[in-house]
Structures are given as C-alpha cells and as structure tokens.
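The next block holds one structure in the form of structure tokens; read it before the comments.
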Amino acid sequence: MTVRVRFAPSPTGYLHIGAARSALFNWLYARKTGGKFLLRIEDTDLQRSTDESTRSIIEGLEWLGLDYDEELVFQSANAPEHRAAAQRLVDEGTAYRDFTPKEERDDKSVKEGIAKRARAQAAEGVDHRSNPYRDLPKKESDARAAAGEPFAIRLKVPVEGQTRFEDIVYGPQERNYSEIEDLVLLRSDGHPLYNLSVVIDDIEMEITHVIRGQDHLTNTHKQILLYEALGAEVPRFAHLPLILAPNKNKLSKRKHGEVVSLTTYRDRGFVPAAFRNFLALLGWSPPEGKEILSKEELVEYFSLEGIGRANAIFNFQENDPRRWTDDKALWMNAEYIRTMPVQELLPMVKAELRANKLWREEYEDDDREWFTKTVDMIRQRFFTLKDFSAQGRAYFSDDFDFEEAAVNKNLRNEPRLRELLNGLADKLETVEPFNAETSEAALRAFADETGVTAGLLINGARTMLTGTAVGPSMFEIFDILGRETSVERLRSGIPWS
RNA sequence: GUCCCGUUCGUCUAGCGGCCUAGGACACCGCCCUUUCACGGCGGCGACACGGGUUCGAUUCCCGUACGGGACGCCA
C-alpha cells in the first residue's frame, strides 16, 4: 500500500506555524515512506476564504521546501459530490432531514454558546437522539422536502455502541455514541459541512494516513462514523500535540500577533532550513538526539512514533524585541547562518541587500570573491538575514550610523584618539601591500611609537570604520574594506562632531 | 457542564522497570581563548506535579487528586 497523506488548510488568513508544522510532518512522512504528499485547500467557508490566503499557503510551503504531489485540490469544487453523498445517506437511511428552522448564531460568541447549551442540556438531561425529525417516516420527509420546505441533513448516529480507533500518537481511543450528537452534514442552504467534506475528499483522494492537530482528536470519532456510513475504509490517524503560547493558550493571531505567522519568519530574515529544522523539533525528536538536521536527515530519521504527546510551548517574549520569537529558533537560525555553505547563503544575503538598496551587481561579478569573503566574515555573529543590512551596513555602504555608546566608549573617552587615528591613517597609507598582516604590523608599530596600547587604537579604529564597538577582527576589517576606505573613515570627522 | 488528552530543568526534549547520584539542546551564570563582540572549549545553575498502590526495585506500570490543554456549531 502506498502511503498518501495530505495537508488540508483552510485559506482564511496567513499560514499558522502550527499548520506549517502539520504540513512538515505530513511531508516528512510521505517522503520517508516513498508516498505522496497532497495539498487540499479547504475553502468551503466562502465568506472567509481568500485567494490571497491560498497564495500565502502555497508560498509558505515552497519557502519551507515542502513540495506537493499531484494536482492541488480545492474542496469547494467537490461540493456537488458532498451534497450527493449526503442525499445518498438520507436515501439509505443512515442520515435524515432535519426541518428545524436554522438557528442564527453570532459567530463571535459561539464557543461560549456551545458550553452554555451543553451545560443546560446536561442539567435537563437532554439526550442527543431527541431530534423530532430523526424518525420521521421517509415518505413524509420526502414529501416535505418536495414541497420546498428547507431542511438540514444530519447523520443518524446509532443509539448504542462506540467508535474506536488506534491513534498512532495517542494510542487507543474510544467514544460512546451517546456522547456524539447527530451531526449536521448539509446546511439547510445546501452547503456541505466540514466533517462531511473532509471525509469524502479524503476517501476520494485515497488518503491512507491523516496526520493533523490534536484539536481534531475528538472529531475523529464523528468522521469514523461517516466513513462507516459511506462504506469506506477508515484511514490511520496520527494526531499531533498542539503548539501553545507562553501562557499556555492556543496560539492565535488575534492574541499573539505576527509571531504565529510563517511569513513573519521569512520577512524577518530566517533561513528556511533553520526554521524547518526548528519546527520539526517541536513535538518530535530524532532517535540519536542530533538537533541540527538537514532536510535529508529529517526524512531519514522521521517517524510517527517519535512524536510526543504533550503540547509544546512556543517560548517568545512579547515585550522584548530581542526575543520576539523562541530563543531556540533564533539560535538555530544563527547556527545555520554561520555554518551553512557560504555559497548557499549568498543568494539570501543578496536579496536582503537588494531590498535595502545596498546591493551592487559587481558583487556577483568582479567583486564576487570580495563579497563572498565579506559575507563569510561578518556572518559569524549574525542571527538573522536582516543583520546583513543592519549591523552589516558599514561593509556595503559608506552611509552608516555611529552608535552613540560605541563612540563614547571607544573614541570620546580618549580625546587624543582623533589625532592618533589620523596618524594611523597616514601610516596605513604607506603600507605595502595592504592586508590584514601588514596593517596589524603597522598599527602595533604605531602604538609603540606613540606610547599607547594597541587595543586603544584597535577599538577606536573599529568604531571609526564600522560605527560599532563589536565585530570581526580589526585587521580583517582593514583588509576587507581596503586601504582607501579604511584611511578615509579613520580621518572622518563625523563621529567627533 | 460532558467527553477526550496531557504533566521530566525557565523552554524544546531523551527516558519505553534496574544502565538515572535523570542525559542532550536553547536560555542564564562563571572560567579559558581574545583588541571588542561573537564562535569555540571547560564548568555551573536547573526537572521526574502530588498521593496511593503493583514490584526485590519505579521517571518508567495501575488508580486517584491537582493543574493545564482540546473537543462539544446549519465554523473549518
């Protein structure tokens, strides 16, 4: 049997990182088993679905490197089949028409409404099989339908018995029929509902393993009932633990903002491989405990059995800009930036510089070697791709800012430095050839001559050349920036004013 | 309210009865390296929710309690 899995998001907004992780796990399982990974857009809620969201989902998957097989399926296109199936179940007697007038619900307060209604029902002892239309004679039901009376179609859940299934992650699950309401399959306006649509589409697409969030664990029982009513084989299920916010609430855009959106990570300078790696480790761990894993290694080590059962907290600090997302994600991104093959990093840096008008075509041509060397040098202490255009700006442009704290500490603190650095500039002008070794020798000699420590000149020079107090080795900076720029910046009056 | 699920360092997690004085990663702290900041190296801080069983032996198995999460819609 060939494994066929699917990722089935509803296009009602950005791609949530929890959804992205579901997609990842499905993809990994498919690639691991040599199966197919399918993508289905669940756009049956026409009011909320947008094309833009569909695009962002596809872009997001592409960014993460998750390619899907076969044709993209839009669930809305299958609505006629969903309706037909519901009708068939009515004809077969496993579903019935409910002529109860539609109850208008305010979408915002549904959750509270449900709990409230459930409490009330429990108090009154209402059972789920009390719908007056459940046992309406078929003839009468047909007649009223033919007369144009509106109706919803509900599944006729048996009075006694239970559904069971073996969840690959959570183990054996069972639920009494008495706890399951006669779920609505088709709305009175003919619109097919979620549980019906997923099941039919999953049957249609020959899905063998349903891998999705734990929030669907209890829905699964209803779906199994549908599989059975439809006479279809029930697939295997694997539910994933949820990703929670630091306060243990479900992660949501309304409450937690852009930190939950996958595009945020792209836009804020994440390397796709790093984020993919981080996401994979949220709820799953490889056998050997290795944490930095390439796409190939993830596929090699992945197994559904390796998935944990406890929800994971996505640990970010809303009020701390430095920790705007999970520390480990940030660390992993830095790790990728400094250790990945520099040739793979270059295009990402190019995009970043270009977006900030710092890109020059020569970097890919005559200055390719210089560019590679520079990126390789400065990437060592960067966390995101954004750093190349921010902290790294002085390497690509003469128009950079001086950090107040750095100027105070490394320059103004020693008034003689202005003169000393001018002297150093004079010295460097005569050095031949000009490189890291010779500039170092010149600087140290100059320090001896003038009776100051080399460190004083080094730190001062760093701030003059890059505007900051931190960065790579000073002599490598001289080498990278070259004699002309180095000398010019040493003589600059800007930081002194 | 009912049903379901979960609970190991601050966070992500390893652990599937003795290998556990509970291992790793991130974060934090210290030392080394060093012209700075990182990286790297070394070290430190730091957890089995609680109570009962079962067992020669429980982090691991069972029950209960607490806490947390999820589901319960003519949403998906």
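Letters A, B, ... are given to chains in the order of the sequence lines, protein chains preceding strands, and every chain is numbered from 1. This structure is a prediction, so every number in the text was calculated from the model and none was measured.
- Annotation: B/C29 and B/U8 have their P atoms spaced 25 Å apart (nearest Å).
- Nucleotides B/U7 and B/C61 place their P atoms 10 Å apart, quoted to the nearest Å.
- Taking atom P on both B/A47 and B/A22, the two are 10 Å apart, rounded to the nearest angstrom.
- In this structure, B/A71 forms a base pair with B/U2, meeting either the Watson-Crick or the G-U wobble geometry with both donor-acceptor distances under 3.5 Å.
- Remark: B/U11 base-pairs with B/A25. Criterion, Watson-Crick or G-U wobble with two distances under 3.5 Å.
- Proximity note for A/Lys248 (side chain, C-beta onward) versus B/C5, B/C4, B/G68: the nearest is B/G68.
- Taking every side-chain heavy atom of A/Arg187 into account, B/C75 is the closest of B/C39, B/A76, B/C75.
- Here the separation of B/U13 from B/G6, taken at their C1' atoms, is 15 Å to the nearest Å.
- Between B/C26 and B/A66, the two P atoms lie 39 Å apart (nearest whole Å).
- The nearest pair of heavy atoms linking A/Tyr301 to A/Trp284 is O-CZ2, 3.5 Å.
- Among the nucleotides B/A76, B/U13, B/G6, the one closest to any side-chain atom of A/Ala312 is B/U13.
- A/Ser473 contributes a side-chain N or O that forms a donor-acceptor pair with the base of B/U35 under 3.5 Å.
- In this model, a side-chain donor or acceptor of A/Ser188 finds a partner on the base of B/C74 within 3.5 Å.
- Annotation: ring-ring contact (aromatic ring centres under 6.0 Å, His included) contacts involving residues 168-189 of chain A, sequence neighbours excluded, are absent.
- Cation-pi contact between A/Arg268 and A/Phe270: absent, since separation from the ring centre below 6.0 Å together with deviation from the ring axis within 45° is not met.
- The gap from the C1' atom of B/G46 to that of B/U55 amounts to 31 Å, rounded to the nearest Å.
- B/C12 and B/C4: their P atoms are spaced 26 Å apart (whole Å).
- Side chain of A/Asn249, nearest nucleotide from B/C74, B/C26, B/G69: B/G69.
- Looking at the side chain of A/Lys102, the nearest of the listed nucleotides B/U36, B/C75, B/A27 is B/C75.
- A sub-4.0 Å separation between OP1 or OP2 of B/A71 and a side-chain N or O of A/Lys250 is present.
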Can you pull every protein N or O that's under 3.5 Å from an N or O on nucleotides 43-48 of chain B?
none

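- Checked against the 6.0 Å centroid criterion, the rings of A/Trp324 and A/Phe314 do not qualify as a close aromatic pair.
- Atom P of B/A27 sits at a distance of 33 Å from the matching atom of B/G18, rounded to the whole Å.
- Closest to the side chain of A/Ser285, out of B/U13, B/U11, B/C5, is B/U13.
- With B/U7, B/U35, B/C75 as the choices, the nucleotide that has an atom nearest any side-chain atom of A/Ala310 turns out to be B/U7.
- You'll find that the side chain of A/Trp331 is closest to B/A25, out of B/G69, B/C4, B/A25.
- Distance from the side chain of A/Glu181 is smallest for B/C72 among the nucleotides B/C75, B/C72, B/U7.
- For A/Thr218, no side-chain nitrogen or oxygen approaches OP1 or OP2 of B/C3 to under 4.0 Å.
- Taking a pair to require two hydrogen-bonding distances under 3.5 Å in either a Watson-Crick or a G-U wobble arrangement, B/C61 pairs with B/G53.
- In the set B/U35, B/A76, B/C5, B/A76 carries the atom at the smallest distance from any side-chain atom of A/Ser10.
- Residues passing the side chain to side chain contact (heavy atoms under 4.5 Å, CB included) test with A/Asn315, sequence neighbours excluded: A/Pro246, A/Gln317, A/Asp326.
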